[in-house]
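The first residue of the sequence shown is numbered 1, and numbering continues consecutively from there. Small disclaimer: the values here were computed from a predicted structure and weren't measured. Below, each value reflects all heavy atoms present in this structure, side chains not excepted, and no hydrogens, waters or symmetry copies.
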Amino acid sequence: MGKQNNAHFFLLMCIIDITFAQIFDFCAMVQIPSFNRQIEDTIKNNWVKDALTDYKGATLQYHDVARKIEKLHIMFESIGLKKGDRVALCGRNSATWACAFLATLTYGAVAVPIQHEFTPDQIYNVVNHSDSRILFVGDVVATQLDYDKMPELEGIIYLPDYSIVVSRSEQMDYAREHLNEMYGKKFPKYFRQEHVHYYVDAPEDLAMINYTSGTTGFSKGVMLSFRVLWSNIDYLTHVLGSKLPKDSDVLSILPMAHMYGLTCEFLLEFFLGNHIFFLTRLPSPTVIQAAFAEIHPDLIVSVPLVVEKIIRKKIFPRLNSRIRLMMKMPGIIGKKVRAAVCKMVMDEMGGKTYEIIVGGAGLSKEIEAFLVEIGFPITVGYGTTETGPMITYSDWHDFVPGSCGTVAEHMEMKVLSPDPKNIPGEVVTRGLNVMNGYYKNPQATKAALDSDGWFHTGDLGTISDDGHLFLLGRIKNMLLGSNGQNVYPEEIEDKLNSMAMVGESLIVQRGDKLVGLVHPDMDAAHELGFTQADIMNVMEQNRQELNHVLPSFCKISEIQLQEKEFEKTPKKSIKRYLYKEA
């Protein structure tokens, strides 16, 4: 299987005219150590410290993690799993998911994280397309799947306790019955630090195949080498790790099957020797806020939706006109009021976070301006699955409103425009963070990676003189106005989302007209006793006010109400393709 992976990788590189020499040139600039060796060292150096906790559940220390990894390695070996074989994981965030992922990498197998929000058909497709031999399933997912539709799987393992749900080989049957016995024979006295030895990876070894969730409906398998994982963690350790207190507590909110959550909330914190709490239940703002109050996280990594809902529901109602007026006052009075409001927000976020890093989608300009005004430590990062994920980030002290930071270490970035500062162009990037290609999809690989190794993100942006990136939206989302002007729907949606009774919105094109699809804030509507007609009257008023501040080619012809919330990806981006013809 390893030889097949290398051959496939070589084929892809030939197709896109990138030589191995070019790739090795990137690696030669930096001495890249074994990623698995770093996992090994992290476990040994933090042996008796708390590592992973399921919120409201049990805690594993680093030595407990090592034991679980060792037992899974024994099982992998007994069923004949080879280096480079695929192991899929599908379930909510949990300590056992994390251990299974680490066990896969440190064995030398290739992890295939699958987002548990995927439909059963999507899960079957990922498992079959990736050639996975084993599937780990969570408690909810386990009840939804027809295992006969994944005929090549040799076994399905239940994530909560690693029991075997389905066995299709005698070796797996034996492993199920004799695992503790095999573990006892291997370590007759007790398991110690010196017993921890993992597969030594090379930078270009394939570590993961991560299937994009995307807003287009088409999922591609992104091949990420150990080089990509190491590069991201090395960068984040330098720019962020030193800012956090030793033995920090961190709440994992985002799905680990998505690179943003996997890298920033799990792997980085694990490598730093911190204590990670997994929010094992549905991450609603109410549940997240309760966890903030209990855990007091030292760092918060989030999607905009969570931050925006907490501010709008918990903070804005407490700011009457008098407080807002005093916030604007110059001198000591305004400064004290803004500091008091900042503390109010900080308390809602657990009281001691170094900063909140928002990514995955654009942060509301209204919320961003408010947080900057009160001096709250907010910052915005940018990345993609294909870069594992980091492309840009800046510490909150260097945050420029409207931007998403400066280019990450080990990476280059540019905007394809004759005037990158003023005229938007496609954002492209290259360096150690960039994927190997799309699995079994040379055509998509060739479209995304050019002959000079630049990854074409499909995002539009500009860059300031000091290197801060400003995104306008996706190229494929850009609309053409009636007079030929480019219309960026995300910018209109940002304004509309801050208006009365708007829960969320989407701007679509109907012929030569722009239409706003709006899911109203139904909680507010029920509190006020509003009828459908009342809500429509508010929306018409919103439309008129919005059009007053928009250029003529961006004006909205009508607003249509959406009864249900828009369907979203795991990073809470609206699946736009579902509503183009709605």
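A 6.0 Å sphere centred on NZ of K421 holds no more than 12 heavy atoms belonging to other residues, nucleotides or ligands. Counted within 6.0 Å of NZ on K343, heavy atoms from surrounding residues, nucleotides or ligands total 12 or fewer; the atom is thus considered open.
For the pair S498 (side chain) and K495 (backbone), a donor-acceptor distance under 3.5 Å is present. In this structure, the side chain of E265 engages the main chain of I253 through a donor-acceptor pair within 3.5 Å. The closest donor-acceptor contact from the side chain of S225 to the backbone of D205 lies at 3.5 Å or more, if one exists at all. Here the side chain of N93 pairs no donor or acceptor atom with the backbone of L279 at under 3.5 angstrom. Using a distance-only test at 3.5 Å, with no hydrogens or angles considered, no donor-acceptor pair links the side chain of S248 to the main chain of N274. Side chain of T392 to main chain of C404: a donor-acceptor pair is present (N/O by atom type, distance under 3.5 Å, no hydrogens or angles). Under the 3.5 Å distance criterion, the side-chain polar atoms of D521 are matched with a main-chain donor or acceptor of A524. Side-chain N or O atoms of E504 include one that pairs as donor or acceptor with a backbone N or O of F566 at under 3.5 Å. In this structure, the side chain of Y198 does not engage the main chain of F35 through any donor-acceptor pair within 3.5 Å.
A donor atom on one side chain and an acceptor atom on the other are not found under 3.5 Å apart for Y235 and N433. S34 and N36 share no donor-acceptor pair across their side chains, judged by distance under 3.5 Å alone. Under the 3.5 Å distance criterion, with hydrogens and angles disregarded, no donor-acceptor pair is assigned to the side chains of E567 and Y579.
With E348 as the partner, the salt bridge (Lys or Arg N to Asp or Glu O under 4.0 Å) test is satisfied by one option alone out of K314, K309, R318: R318.
With contacts defined as side-chain heavy-atom distances shorter than 4.5 Å, the pair I463/M413 qualifies. A heavy-atom distance below 4.5 Å is not found between the side chains of F271 and D234. Between L52 and W97, every side-chain heavy-atom pair lies at or beyond the 4.5 Å cut-off.
Legend: residues meeting side chain to side chain contact (heavy atoms under 4.5 Å, CB included) with V502, ordered by chain and number and at least two apart, are L496, N497, M499, S505, V518, M539, N542. Among residues two or more places apart in sequence or in another chain, the side chain to side chain donor-acceptor pair (under 3.5 Å) test is passed with D54 by none.
Y211 has its ring centre no less than 6.0 Å from the ring centre of F118.
Judged by a 6.0 Å distance limit and a 45° cone about the ring axis, K243 is not positioned over the six-membered ring of Y354.
F270 and I276 get closest at one heavy-atom pair: N-CD1, 3.8 Å.
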**Report entry** Full working for ring-ring contact (aromatic ring centres under 6.0 Å, His included) between H468 and F470
**Finding:** CA-CA 7 Å; H468 282 83; F470 296 80; 7.0 Å; no
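Here Q38 contributes atom CD and T106 contributes atom OG1; the two are 13.5 Å apart, rounded to the nearest 0.5 Å.
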